[in-house]
Protein chains: 2
Amino acid sequence: MSEDQEKLMRKSPSNGIPELRKAIAEYLYEFRGLSISPERIIIGAGTEYLYGLIIQLLGNEHTYAIEDPGYGKLGKIYNANHVEVKYIPIDNQGIRLEKLEDSGADIVHISPSHHFPTGIITSIGRRIQLLDWAKSSDGRYIIEDDYDSEFRMSGRPIPTLSSIDESGKVIYMNTFSKSLAQTIRISYMILPDELYKIYTEKFNFYSCTVSTFEQYTLAKFIERGYFEKHINRMRNHYRNARNELLKIIKENSSVEVNITEEHAGLHFLMNVPTTLTDSELIKKASDNGIIINCLSQFYHNPEEAPEHIIIINYSGIEEAKMKEAIEILYSNISKS
Amino acid sequence: MSEDQEKLMRKSPSNGIPELRKAIAEYLYEFRGLSISPERIIIGAGTEYLYGLIIQLLGNEHTYAIEDPGYGKLGKIYNANHVEVKYIPIDNQGIRLEKLEDSGADIVHISPSHHFPTGIITSIGRRIQLLDWAKSSDGRYIIEDDYDSEFRMSGRPIPTLSSIDESGKVIYMNTFSKSLAQTIRISYMILPDELYKIYTEKFNFYSCTVSTFEQYTLAKFIERGYFEKHINRMRNHYRNARNELLKIIKENSSVEVNITEEHAGLHFLMNVPTTLTDSELIKKASDNGIIINCLSQFYHNPEEAPEHIIIINYSGIEEAKMKEAIEILYSNISKS
């Protein structure tokens with residue numbers, strides 16, 4: 001980087017330096033089947049910042065729909081930006097279309113490649129229905145949050161909504177804060193043509209929120225293949241951790257559990273037989289040194305929430321401690 | 001920094017790492033007479049981002065007042081955030097109080113230590129009136145943008161509004177994008193107690209928009225005195241450039257000009273005798289390779305704008321070219 005001192009002192013375009021946008025476009029073409037012009041990429045300091053920018057772009061008179069259960073921060077971000085937000089239930093295909101229709105929302109914010117926290121992958125059929133929903137009215141848009149899509153562990157990836165969108169209705173988003181480190185604040189979104197035009201007319205006075213130093217560094221990291229290598233290495237690491245944990249669970253037959261959604265992301269769901277409530281389960285585990293989350297904690301409407309489904313995030317568990325952790329967890333369940 | 005690898009991977013608190021907030025608080029205490037708790041500092045990726053955060057914090061149902069003339073981006077930012085904005089004229093003491101009252105605005109956004117682009121420093125009397133205005137109603141706040149205050153060239157600095165604010169009505173802001181480099185996106189604001197409480201209750205779910213790497217680097221840069229040294233060096237450099245340019249202007253008596261507001265910031269005003277309109281003046285200079293701005297370009301209400309006042313920004317002029325530049329400029333003026 002020290003050879004590029006002069007470049008580092010030149011102001012970045014509002015949507016980010018061309019080198020980084022080009023590197024991202026090439027990466028997406030190769031690994032995500034997305035063929036887009038680097039022009040339409042907007043770089044920003046984290047997806048949370050970009051959500052705010054989307055609300056500025058689309059307007060705060062709209063109703064925004066998000067998935068229930070879902071990532072708790074999303075509702076907070078929409079509330080913080082003073083826009084109306086509706087929570088839409090999901091089924092095993094993805095967000096429920098009839099509930100989305102009923103909500104009166106114009107904008108829907110989803111993570112179709114890997115729903116958080118259930119891990120559900122939106123089916124092709126539902127994707128097409130979602131695009132039809134968006135097409136049927138002028139102000140409708142889909143925000144496709146593709147975070148974590150790098151960590152698909154098995155099976156063929158489903159094409160992004162963005163790549164099959166022919167009507168310019170999808171805003172694609174992804175972040176390097178998940179795939180590299182949460183302390184790096186670099187995310188991007190890809191605007192459809194019409195929105196990109198509005199962006200260049202009304203919003204490109206904004207300074208890019210990521211320093212040129214970090215933009216050039218990341219551009220080089222991707223261009224030279226290090227990002228791809230890093231992702232492959234991490235995916236293998238996480239896959240091994242997942243397989244090890246699944247093996248330990250299979251071998252321990254003291255409790256009969258049911259595992260689902262283990263093919264993507266860094267967690268899976270474990271349905272456990274217990275007479276405890278979820279809060280009791282969490283409390284007991286915590287008293288014994290095991291931190292767990294239950295799916296029910298991620299519901300906005302608690303009456304919709306299923307009980308006794310534990311979210312097992314294996315990205316942070318040391319392999320040496322897995323066996324003991326499962327034993328402790330099981331002893332809590334069976335004591336009920 | 002490579003000794004701190006583990007620290008660099010730990011998530012920053014929402015308002016920034018404690019080390020950076022402490023370093024800023026100590027700097028402000030020593031050089032700006034501001035005695036504040038580092039807790040109340042919020043670090044963000046540029047002031048533009050922080051303006052958006054302030055609107056989220058205060059709400060978009062308010063009317064925001066900004067100075068006319070002023071920094072053109074401000075109006076755009078408020079418009080982009082879909083809030084009502086009023087342009088308030090200024091006089092040689094600062095923003096005009098009676099016009100502010102008439103506007104119905106609750107929030108006023110000013111740069112009292114060095115108004116852009118006039119360079120006017122808000123008088124002590126006007127500062128006290130502004131604080132009284134803010135105190136007289138519950139939802140009123142003053143955003144004090146202290147950008148450029150590091151580059152006061154002569155005379156004693158006037159205390160910030162924030163330092164004489166006893167009612168918790170001032171949000172102080174400053175940026176390192178001006179004092180270090182525009183390609184570094186690090187700014188901060190200091191919230192009064194009541195707003196800080198709202199921030200911690202409702203907004204501290206937000207991730208800090210500056211990477212930990214850049215936060216730790218800047219913290220060390222300030223702690224170890226490099227920032228102070230850098231500012232002193234730049235101030236001397238700019239003061240020499242200013243003095244040189246003023247000398248050249250004084251020595252060239254072919255046109256009688258009037259210089260004002262040369263004591264702070266990196267520009268001064270030059271009132272020139274000419275029968276040309278400002279657009280003609282700018283066009284002629286540009287045809288001869290001299291890029292100038294006129295004060296009238298920074299007015300939202302053009303009928304209020306005085307003509308024939310050129311803004312001379314001396315931060316980017318090579319000393320070797322100053323003499324020639326003034327000669328070309330003068331020949332354009334007198335040809336009129």
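When the shell of 6.0 Å around CD of B/E6 is examined, it contains 12 or fewer heavy atoms from other residues, nucleotides or ligands. The 12-atom threshold is not exceeded at NZ of A/K197, counting heavy atoms of other residues, nucleotides or ligands nearer than 6.0 Å. Counting heavy-atom neighbours within 6.0 Å of B/E319 CD, excluding the residue itself, gives a total above 12. Around the CG atom of A/D138, the shell of radius 6.0 Å holds no more than 12 heavy atoms that belong to other residues, nucleotides or ligands. Counting non-hydrogen atoms of other residues, nucleotides and ligands closer than 6.0 Å to CD of A/E3 gives a total of 12 or fewer. Around the NZ atom of A/K220, the shell of radius 6.0 Å holds more than 12 heavy atoms that belong to other residues, nucleotides or ligands. Atom CD of B/Q5 sits in a sparse spot, with 12 or fewer heavy atoms from other residues, nucleotides or ligands closer than 6.0 Å.
Residues B/K73 and A/S207 are in side-chain contact: their nearest non-hydrogen atoms beyond the backbone lie under 4.5 Å apart. The closest side-chain heavy-atom distance from A/F205 to B/I77 is below 4.5 Å.
Remark: B/E214 CD to A/T183 OG1 distance equals 11.0 Å, nearest 0.5 Å. With values rounded to the nearest 0.5 angstrom, A/K76 atom NZ is found 8.0 Å from B/N204 atom CG.
Here the closest heavy-atom approach between residue B/H82 and residue A/I55 is recorded as NE2-O, 4.0 Å. The two atoms that bring B/T209 and A/R185 nearest to each other are O-CB, 3.6 Å, heavy atoms only.
Ranked by non-hydrogen atom pairs under 4.5 Å with chain B, the options A/N79, A/N81, A/V210, A/I184 are led by A/N81. Options B/G44, B/A80, B/G46, B/A181 differ in how many heavy-atom pairs under 4.5 Å they form with chain A, and the most are formed by B/A80. Top candidate by heavy-atom pairs under 4.5 Å with chain B, chosen from A/K202, A/K11, A/M9, A/Q215, is A/K11.
Proximity to chain A is limited to the backbone of B/L8, based on heavy atoms less than 4.5 angstrom apart. Proximity to chain A (any heavy atom under 4.5 Å) is shown, for B/Q56, by both the backbone and the side chain. Of the two parts of A/F203, only the side chain, counted from C-beta on, holds a non-hydrogen atom closer than 4.5 Å to a non-hydrogen atom of chain B.
A parallel orientation is assigned to the rings of B/F213 and A/F213, their planes being inclined by less than 30° (bins at 30° and 60°).
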